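Please read the structure below before turning to the comments.
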Amino acid sequence: MRIGVIGAGAWGTALAQVAAHGGQHVRIWARDPAVAEAINSDHANPLYLPGITLAPTIEAVSDPAAMADLDALLVVTPAQAVGAVLATMPVEGTPLVLCSKGIEAGSRRLMGEVARALHPDAPIAVLSGPTFAHEVAAGLPTAVTLACEEAGLRTALSRRIAAPHFRPYATDDVTGAEIGGAIKNVLAIGCGVVEGAGLGQNARAALIARGFAEMTRFGLARGGRAETLAGLSGLGDLVLTCSSTASRNFSLGVGLGQGRSATALLADRRTVAEGAFTAPVLRQAAAEAGVDMPVCDAVCRLLDGAAVADVIGTLLARPLKAEGA
Ligand SMILES: NC(=O)c1ccc[n+]([C@@H]2O[C@H](COP(=O)([O-])OP(=O)(O)OC[C@H]3O[C@@H](n4cnc5c(N)ncnc54)[C@H](O)[C@@H]3O)[C@@H](O)[C@H]2O)c1
Ligand SMILES: O=P(O)(O)OC[C@H](O)CO
């Protein structure tokens, strides 16, 4: 399989490294020609994945037309850019493996829905799970969910993407895999706030558990399956991202919890913190689906500048209820 990777940030670069395992040729599209130049000349991406020497079989391009004639395209731009970038790509029925985690603002579409609308002939797969890019690129053991409705393609992609340190688990539940990855970013911001405001580890565990209940309610309402939401792409990624400052979303939350504004924190970073963009869209999508998501709503209020004490007070003052309700 000739693999293409669309997006040369941390995760696209790490996935190119996985795909190049065994010496096979991989082509990666970088929006910024300087990033492509560094990958081709120095076998490195110091802006987005510093400290990693890349396989020399990774070829970088910055012209979308150069992404034609490949057997599969991994889509790894920030979620809000997936539609615009895919519209420029010569997809022509090539399978698209969506690796971005988020919900599109405005349309409230999942990435699969965005891709299908643009390229109805292209089979869709989703790769998601607990995967810090720098650990994957360093060859540390990692497991992911690979979701695809077509059994033959699911098997072919799983075999092609698997490496001794990188283990995909297959499912046909594309929607469930997408929803876990999108919502965990929002919840990670909340957990970061708990850390930044010094609210304690009990509060963080409560937020993870109640946040997982929200993820499950929303996922089931949108047609995902409970087993997927409890798997690597849902609970697995939630646990990772809610417990480490290596997460951009968690770090953003730490800053909010320390009293800085979302605007200032987002202006300070080059890399994407998807939860900040997904949170307001998720709030609308949850209202539309009639799903109660108080923790995600609290994260929206914090991003909008509400005081931590007020937001936590509101959450704790909600009417008492049964745990499974
Ligand atoms: N970094 C990780 O550990 C990781 C792991 C799994 C999934 N993801 C997901 O992968 C996606 C990409 O994350 P990342 O970590 O690679 O991001 P990043 O912040 O490291 O890099 C973003 C890349 O996208 C490019 N970009 C930014 N805006 C763009 C636009 N409007 N159009 C085209 N390109 C644009 C940037 O130039 C850069 O190459 C996100 O949805 C993220 O949630 C990241
Ligand atoms: O750094 P974050 O918060 O974007 O998380 C990266 C990955 O999604 C972890 O699986």
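Start at 1 with the first residue, then count along the sequence. Atoms within a ligand are numbered from 1 in the order they appear, just like the ligands themselves. Everything numeric in this text was worked out from a predicted model, so none of it was measured.
Counting protein heavy atoms only, atom 19 (O) of ligand 1 is closest to Val272 N, 2.9 Å. In terms of protein heavy-atom proximity, atom 39 (O) of ligand 1 is nearest to Gly9 N, 3.2 Å. Nearest protein neighbour of atom 36 (C) of ligand 1, counting heavy atoms only, is Tyr48 OH, 3.5 Å. Remark: minimum distance from atom 3 (O) of ligand 2 to any protein heavy atom is reached at Ser247 OG, 2.6 Å. The protein atom (non-hydrogen) at minimum distance from atom 40 (C) of ligand 1 is Glu274 OE2, 3.2 Å. Summary of contacts: the protein heavy atom closest to atom 5 (O) of ligand 2 is Lys184 NZ, 3.4 Å. Nearest non-hydrogen protein atom to atom 20 (O) of ligand 1 is Ala10 N, 2.8 Å. Atom 11 (C) of ligand 1 has Thr77 O, 3.6 Å as its closest protein atom, hydrogens excluded (heavy atom only). Scanning the protein heavy atoms around atom 5 (C) of ligand 1, the nearest turns out to be Thr131 O, 3.0 Å.
Near Pro130, meaning under 4.0 Å from one of its heavy atoms, ligand 2 places the atoms 10 (O). Every atom of ligand 1 is numbered from 1 in the order shown, and the set under 4.0 Å from a heavy atom of Ala8 is 39 (O). Listed by number with element, the atoms of ligand 1 under 4.0 Å from a non-hydrogen atom of Val85 are 32 (N), 33 (C). Atoms of ligand 2 lying under 4.0 Å from at least one heavy atom of Leu240, given by number and element, are 9 (C), 10 (O). Atoms of ligand 2 found under 4.0 Å from any heavy atom of Gly129, numbered from 1 in the order shown, are 10 (O). Atom numbering of ligand 1 starts at 1 in the shown order; those under 4.0 Å from a heavy atom of Val76 are 10 (O), 12 (C). Of all atoms in ligand 2, numbered sequentially from 1 with element shown, those under 4.0 Å from a heavy atom of Asp237 are 9 (C), 10 (O). Atoms of ligand 1 lying under 4.0 Å from any heavy atom of Ala81, numbered from 1 in the order shown and given with element: 30 (C), 31 (N), 32 (N). Numbered from 1 in the order shown, with element, the atoms of ligand 1 that lie under 4.0 Å from a heavy atom of Cys99 read 7 (C), 9 (C), 10 (O).
Partner of Ile6 under the side-chain contact (heavy atoms from CB on, under 4.5 Å) criterion, out of Val85, Val82, Val76: Val85 alone. Considering Arg318, Arg217, Lys321 as possible partners of Asp292, the one that fulfils the side-chain hydrogen bond (donor to acceptor under 3.5 Å, both in side chains) test is Arg318.
At least one side-chain heavy atom of Val295 sits less than 4.5 Å from a side-chain heavy atom of Leu187. Looking at heavy atoms from C-beta onward, Leu256 lies in side-chain contact with Leu265 at the 4.5 angstrom threshold.
By the criterion of a heavy-atom distance under 4.0 Å, the side chain of Arg31, and not its backbone, is placed next to ligand 1. Contact annotation: for Asn249 versus ligand 2, heavy atoms closer than 4.0 Å belong to both the backbone and the side chain. If you look at Ala14 next to ligand 1, there are no close heavy atoms at all, none under 4.0 Å. Only the side chain of Lys101 comes within 4.0 Å of ligand 2, counting heavy atoms alone; its backbone N, CA, C and O stay farther away. In Arg248, the part holding a heavy atom less than 4.0 Å from any atom of ligand 1 is the side chain.
The main-chain N or O of Met111 is found under 3.5 Å from a side-chain atom of Glu178 such that the two form a donor-acceptor pair. Using a distance-only test at 3.5 Å, with no hydrogens or angles considered, a donor-acceptor pair links the side chain of His119 to the main chain of Leu86. At least one donor-acceptor pair under 3.5 Å links the side chain of Trp29 to the backbone N or O of Ser62. Of the possible donor and acceptor atoms, one in the side chain of Lys101 sits under 3.5 Å from a partner among the backbone N and O of Gly129. Ser41 contributes no side-chain N or O that, together with a main-chain N or O of Ala38, makes up a donor-acceptor pair within less than 3.5 Å. Checked by atom type and distance alone, the side chain of Asp173 pairs as donor or acceptor with a backbone atom of Arg225 at under 3.5 Å. Looking only at distances, no side-chain donor or acceptor of Glu59 sits under 3.5 Å from a matching main-chain atom of Ile28. A donor-acceptor pair under 3.5 Å is formed between the side chain of Gln17 and the backbone N or O of Ala55. A donor-acceptor pair under 3.5 Å is formed between the side chain of Glu274 and the backbone N or O of Ala79. Checked by atom type and distance alone, the side chain of Ser244 never pairs as donor or acceptor with a backbone atom of Thr241 at under 3.5 Å.
With Phe277, Phe132, Trp11 as candidates, the residue nearest to atom 44 (C) of ligand 1 on a non-hydrogen basis is Trp11. The option from Ala133, Ser100, Ala30, Pro78 that lies nearest to atom 22 (C) of ligand 1, judged by heavy atoms, is Pro78.
Connection of Leu240 to Leu238 is not established within any shared hydrophobic cluster, with ILVMFWY side chains joined at heavy-atom distances below 4.5 Å, either directly or through further cluster members.
Residue contacts with ligand 2 do not include Ala188, since none of its heavy atoms lies under 4.0 Å from the ligand.
Residue Trp29 has no nitrogen or oxygen atom sitting less than 3.5 Å from a nitrogen or oxygen atom of ligand 1, judged on distance alone. Below 3.5 Å of separation, one finds no N or O of Thr271 facing any N or O of ligand 1. Residue Gly7 has no N or O atom closer than 3.5 Å to an N or O atom of ligand 1.
Scored by the salt bridge (charged side-chain N to carboxylate O under 4.0 Å, His left out) test, Arg301 finds no partners at all (sequence neighbours excluded).
Other residues, nucleotides and ligands place more than 12 heavy atoms under 6.0 Å from the CZ atom of Phe132.
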